[in-house]
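None of the values given here were measured: they were computed from a predicted structure. The figures here come from the full heavy-atom set of this structure, side chains too, leaving out hydrogens, waters and symmetry mates.
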Amino acid sequence: MSARTAPPLPLGVGALGVIAAASIVLPLAAIVLQVPWEGATALLFSPASLQALRLSLLTAACAAAVCLGLGLPLALLLARTRFPGREVLRAMVLVPLVLPPVVSGIALLMTVGRRGLLGPLLEQADARIVFTTAAVVIAQVFVSLPFTVLTLESALVSAGTVPEQVAASLGARPSTVLARITLPRLAPAIVTGTVLAFARSLGEFGATLTFAGSMPGVTRTLPLEIYLARESDPDSAAVLSLLLVLVAILVVLLAYARRGAPGRTQEEAR
């Protein structure tokens with residue numbers, strides 16, 4: 001039965017759904033209502049705002065690319081292989097989704113900081129990561145990678161393995177099966193997972209502040225610029241917040257545009 005012919009929902013369910021939607025829409029609408037439109041252009045195109053926006057877009061794009069490069073193999077490993085500790089690994093991969101941002105930042109500091117787990121090795125190689133633009137990308141990858149892995153693994157499980165098994169039985173090599181069958185079938189999920197990673201990276205704040213700091217032009221991304229402006233220039237903070245909301249909405253719409261809303265039938269998608 002398609003969504004168009006489904007029986008009506010109970011009145012209480014519809015009311016709760018409206019309340020749930022309002023709990024999300026109203027705060028976003030409040031930003032629009034509080035924006036000082038007469039000076040919005042000047043605030044938006046100020047040097048500090050443009051600098052933070054450029055850095056955010058650059059680092060988010062780099063983080064999304066890294067998430068795809070690392071998330072795809074990890075999703076394949078989790079969905080297509082069986083090994084001891086697989087469930088534990090899956091749980092560990094998803095932990096950044098629920099960690100407080102400051103804990104994520106501290107974990108990264110304890111990994112690659114001067115006194116961290118890899119600190120001595122990095123010091124020997126004369127490599128400094130903390131409080132650099134690279135640290136911003138690393139923080140974004142840490143919090144965004146689970147989105148890519150979760151999206152791709154779910155798509156792999158839903159797609160099944162029958163075409164791959166048929167190709168393998170006909171003598172196709174694993175690399176051929178991956179390139180010609182698995183990846184083309186996974187293309188919509190790859191786009192979705194990458195775009196969601198970009199969106200999450202664009203909004204990353206806590207781990208970035210803890211791990212990378214807030215240096216103009218180096219680590220001060222748009223969320224950090226909004227945080228700093230909140231105390232001294234609320235109008236600028238409102239304008240920049242609206243910009244980030246609009247970009248996030250656009251990115252999420254792009255992520256789901258090709259596959260449609262969850263639960264739609266093929267006839268509705270057409």
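- With contacts defined as side-chain heavy-atom distances shorter than 4.5 Å, the pair V239/D235 does not qualify.
- By the rule that hydrophobic residues join a cluster once side-chain heavy atoms approach within less than 4.5 Å of another member, L58 and V137 end up as members of separate clusters.
- Note on L50 and V245: same hydrophobic cluster, where clusters join Ile, Leu, Val, Met, Phe, Trp and Tyr whose side-chain heavy atoms are under 4.5 Å apart, directly or indirectly.
- Remark: V18 pairs with no residue by the side chain to side chain contact (heavy atoms under 4.5 Å, CB included) rule, at least two apart or across chains.
- Criterion: ILVMFWY side-chain heavy atoms under 4.5 Å apart, direct or through other members. Under it, M92 and V149 are not part of a common hydrophobic cluster.
- Both L99 and L108 sit in one connected hydrophobic cluster of ILVMFWY residues. Membership requires side-chain heavy atoms under 4.5 Å apart, directly or through other members.
- The CD1 atom of I129 sits 4.5 Å away from the CG atom of L122 when rounded to the nearest 0.5 Å.
- Taking all atoms of both residues into account, the shortest heavy-atom contact from Q140 to A60 is OE1-N, 3.4 Å.
- Among residues two or more places apart in sequence or in another chain, the side chain to side chain contact (heavy atoms under 4.5 Å, CB included) test is passed with T148 by C67, L152, A197.
- The hydrophobic clustering, which links ILVMFWY residues whose side-chain heavy atoms are closer than 4.5 Å, places L250 and V195 apart.
- Between atom CZ of residue R180 and atom CZ of residue R173 there is a gap of 10.0 Å, rounded to the nearest 0.5 Å.
- Residue pairs meeting the ring-ring contact (aromatic ring centres under 6.0 Å, His included) criterion with at least one partner in residues 158-208, sequence neighbours excluded, are F205-Y227.
- Separation of atoms CG (L228) and CG (L224) is listed at 6.5 Å; rounding is to 0.5 Å.
- Counting only distance, with no hydrogens or angles, the side chain of S158 and the backbone of A155 share no donor-acceptor pair below 3.5 Å.
- Scored by the side chain to side chain contact (heavy atoms under 4.5 Å, CB included) test, V13 finds L9, P10 as partners (sequence neighbours excluded).
- By the side chain to side chain contact (heavy atoms under 4.5 Å, CB included) test, S56 is found to be paired with L202, T221, L222, P223, residues two or more places apart in sequence or in another chain being considered.
- The salt bridge (charged side-chain N to carboxylate O under 4.0 Å, His left out) pairs that include a residue from residues 184-203 are E164-R185, R200-E204, where partners are two or more places apart or lie in different chains.
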Acceptor/donor pairs from residues 111-118 side chains to any protein atom, 3.5 angstrom cut, sequence neighbours excluded:
| residue | atom | partner | partner atom | Å |
| --- | --- | --- | --- | --- |
| T111 | OG1 | A107 | O | 2.8 |

Show every donor-acceptor pair shorter than 3.5 Å between a side-chain atom in residues 24-47 and any protein atom, with sequence neighbours excluded, or say none if there are none.
| residue | atom | partner | partner atom | Å |
| --- | --- | --- | --- | --- |
| W37 | NE1 | V32 | O | 3.4 |
| S46 | OG | L43 | O | 3.1 |
| S46 | OG | S49 | N | 3.4 |
| S46 | OG | S49 | OG | 2.8 |

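- With rounding to the nearest 0.5 Å, the separation of CG in L121 from CD in Q124 is 6.0 Å.
- With respect to the salt-bridge test (charged N to carboxylate O, under 4.0 angstrom), the residues R90 and E153 qualify.
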Could you pull out all donor-acceptor pairs under 3.5 Å where a side-chain atom in residues 165-172 meets a protein atom, sequence neighbours excluded?
| residue | atom | partner | partner atom | Å |
| --- | --- | --- | --- | --- |
| Q165 | NE2 | T161 | OG1 | 3.1 |
| S169 | OG | Q165 | O | 3.4 |
| S169 | OG | V166 | O | 2.6 |

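- Summarising the geometry, atom CD1 belonging to I226 is positioned 5.0 Å from atom CG belonging to L244; distances are rounded to the nearest 0.5 Å.
- The ring-ring contact (aromatic ring centres under 6.0 Å, His included) analysis of residues 92-143, with sequence neighbours excluded, yields no pairs.
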Residues 72-83 side chain polar contacts: donor-acceptor under 3.5 Å, at least two apart:
| residue | atom | partner | partner atom | Å |
| --- | --- | --- | --- | --- |
| R80 | NH1 | L156 | O | 3.2 |
| R80 | NH2 | G160 | O | 3.0 |
| T81 | OG1 | L77 | O | 2.3 |

Determine all donor-acceptor pairs shorter than 3.5 Å in which one atom belongs to a side chain in residues 206-217; sequence neighbours excluded.
| residue | atom | partner | partner atom | Å |
| --- | --- | --- | --- | --- |
| T210 | OG1 | G206 | O | 3.0 |
| S214 | OG | R220 | NE | 3.0 |

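- With contacts defined as side-chain heavy-atom distances shorter than 4.5 Å, the pair Q51/L55 does not qualify.
- Judged purely by distance below 3.5 Å, without hydrogens or angles, the side chains of T192 and T151 never pair a donor atom with an acceptor atom.
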Check your understanding: When you look at L246 and L242, which way does the side-chain contact (heavy atoms from CB on, under 4.5 Å) test go after all the steps?
Key -> CA-CA 6 Å; L246 292 177; L242 178 60; 4.1 Å; yes
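- Here the CG atom belonging to L94 is positioned 10.0 Å from the CG atom belonging to L145, to the nearest 0.5 angstrom.
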